[in-house]
Structures are given as C-alpha cells and as structure tokens.
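Each remark here refers to the structure printed beneath this line.
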Amino acid sequence: MRILLTGFEPFGGDKHNPAQRICEALSESKSEHWDLRTCILPVSFTKAPIALWQAVEEVKPEIAICLGYSAKADCFVIERIALNIEDARIADNDHYRPQDTLVEPEGALALETTLPIRALDTHLRERGIPARISYTAGTFVCNTVFYTLLLEAQTKGYPRLAGFIHVPALPEMALEKREQPFLPLEYMVSGIREILEFLIRG
Ligand code: PCA
C-alpha cells in the first residue's frame with residue numbers, strides 16, 4: 001500500500017522538529033505491508049501547500065498522514081478538523097505572518113479528517129500508547145497543510161485516508177524549555193509505525 005508521511009522543518013527558533021526526525025527514521029524502515037514515501041515540508045504558508053500538493057501528485061498515496069510538532073502536545077494528538085483560517089501568532093520561516101486570511105478563498109469553513117480517529121484512539125490506548133482526539137490543529141502552517149490535504153483528497157479521490165497528527169517535543173528540546181512535555185524519538189517512531197499498521201489493516 002502506498003503511504004505518504006510528511007514532517008516539517010524546525011521553526012520558531014527551535015533547532016529540531018520531531019515530525020522531521022520521525023519521518024527520517026521511518027523512511028529507512030522497511031515493511032512488507034507498505035511502500036512508504038516521506039517528505040519534509042517547509043514551515044511556510046505559501047510553500048508548504050505546494051510541496052504537499054507535489055508529493056501527493058507524485059506518490060498518489062492511499063494513505064497520507066502529515067505530522068507536526070506542537071509545544072502543547074503531551075501525547076499523539078489526532079486532529080479531527082482543519083479550519084479555512086490562517087492566523088499566525090509568530091512569523092513562518094519566510095517571515096510571513098498572516099492574520100485573518102483564508103487557506104482557500106472558495107473553500108468550506110472546515111473539513112474533517114477521513115481517518116477512523118475514534119477506532120485509532122481506542123486502539124492506541126489498548127496498546128498502552130497515550131493519544132487523544134483534538135478538535136483544532138490551530139491556525140498556523142500545520143492547519144494550512146491539513147486543510148490543503150483534505151481538500152486535495154476530496155477533489156481527487158486520493159488519498160482515501162488523510163489525516164494530521166501533532167506530536168510533542170523531543171527530550172533535547174525540553175532541555176531548553178522547562179515544563180515542556182516531551183517523548184523520546186524511538187517512542188514516537190514506534191507509535192507512528194503502530195498507527196500506520198493499524199490504518200493499513202483497515
Ligand atoms: N508545527 C507547526 C508548523 C510546523 C510544525 O511542526 C504547527 O503546528 O502549525
């Protein structure tokens with residue numbers, strides 16, 4: 001099964017992005033169940049949707065999962081809703097800070113993931129992996145990418161399963177900021193692998 005997994009470059013002054021590191025780790029891992037392609041997106045409101053669109057066109061995946069880092073994530077945060085709003089608290093990596101703009105001028109206000117999120121949440125918890133469902137992916141670049149992915153899926157018919165997961169900081173990021181939730185990279189890599197295997201099994 002063809003799977004596209006995306007991550008992001010570091011942003012906001014951080015030296016790492018766990019989403020990038022998870023993608024890099026999984027791109028080297030082999031599985032007889034999947035043909036996994038990974039792509040690291042720029043943290044740019046203008047460039048990230050184009051890079052995502054190109055990756056979807058190239059891979060034509062059946063499943064696409066975008067990963068992003070959130071300082072507020074304390075476990076695997078499974079996003080349900082993408083909003084047609086861009087409203088940035090900080091500038092993106094192109095020094096662009098949109099406020100009250102739309103991702104897609106003609107688009108619906110919100111789009112919903114096509115992942116079986118309730119079953120996924122239950123499955124992860126049963127396996128002892130903390131996860132939760134979230135009702136907003138924010139209004140920064142992650143949300144723009146999530147909205148773009150769902151719009152693509154709706155328009156083209158692929159990927160059949162499209163979703164977004166926010167992950168916590170890495171331990172090395174938490175060393176610099178106290179009281180920051182974090183998870184070790186190996187734990188996040190095996191958690192994402194578990195998520196992909198669950199989705200493949202249908
Ligand atoms: N997190 C940001 C953008 C890139 C990333 O990893 C977000 O939550 O919007």
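Remember, it's 1-based here, ligands and their atoms both numbered in the order they're listed. Start at 1 with the first residue, then count along the sequence. On a predicted model such as this, the values are computed, not experimentally measured, just so you know.
Applying the ring pair (Phe, Tyr, Trp, His ring centres under 6.0 Å) rule to pairs touching residues 101-144 yields Phe11-Phe140, Phe45-Phe140, His123-Phe198, sequence neighbours excluded. Within the structure, the ring pair (Phe, Tyr, Trp, His ring centres under 6.0 Å) test picks out no pair touching residues 63-94 (sequence neighbours left out).
Residues passing the side chain to side chain contact (heavy atoms under 4.5 Å, CB included) test with His16, sequence neighbours excluded: Arg21, Leu170, Glu172, Met173.
Checked by atom type, the side-chain pair Tyr96/Glu86 shows no donor-acceptor distance below 3.5 Å.
Using a cutoff of 4.0 Å between basic side-chain nitrogens and carboxylate oxygens, Asp92 and Arg97 are not scored as salt-bridged. Taking 4.0 Å as the cut-off between side-chain N and carboxylate O, Arg80 and Asp121 do not count as a salt-bridged pair.
Using a heavy-atom distance under 4.0 Å as the criterion, the protein contacts of ligand 1 are Phe8, Phe11, Asn17, Val43, Gly68, Tyr69, Phe140, Val141, Cys142, His166.
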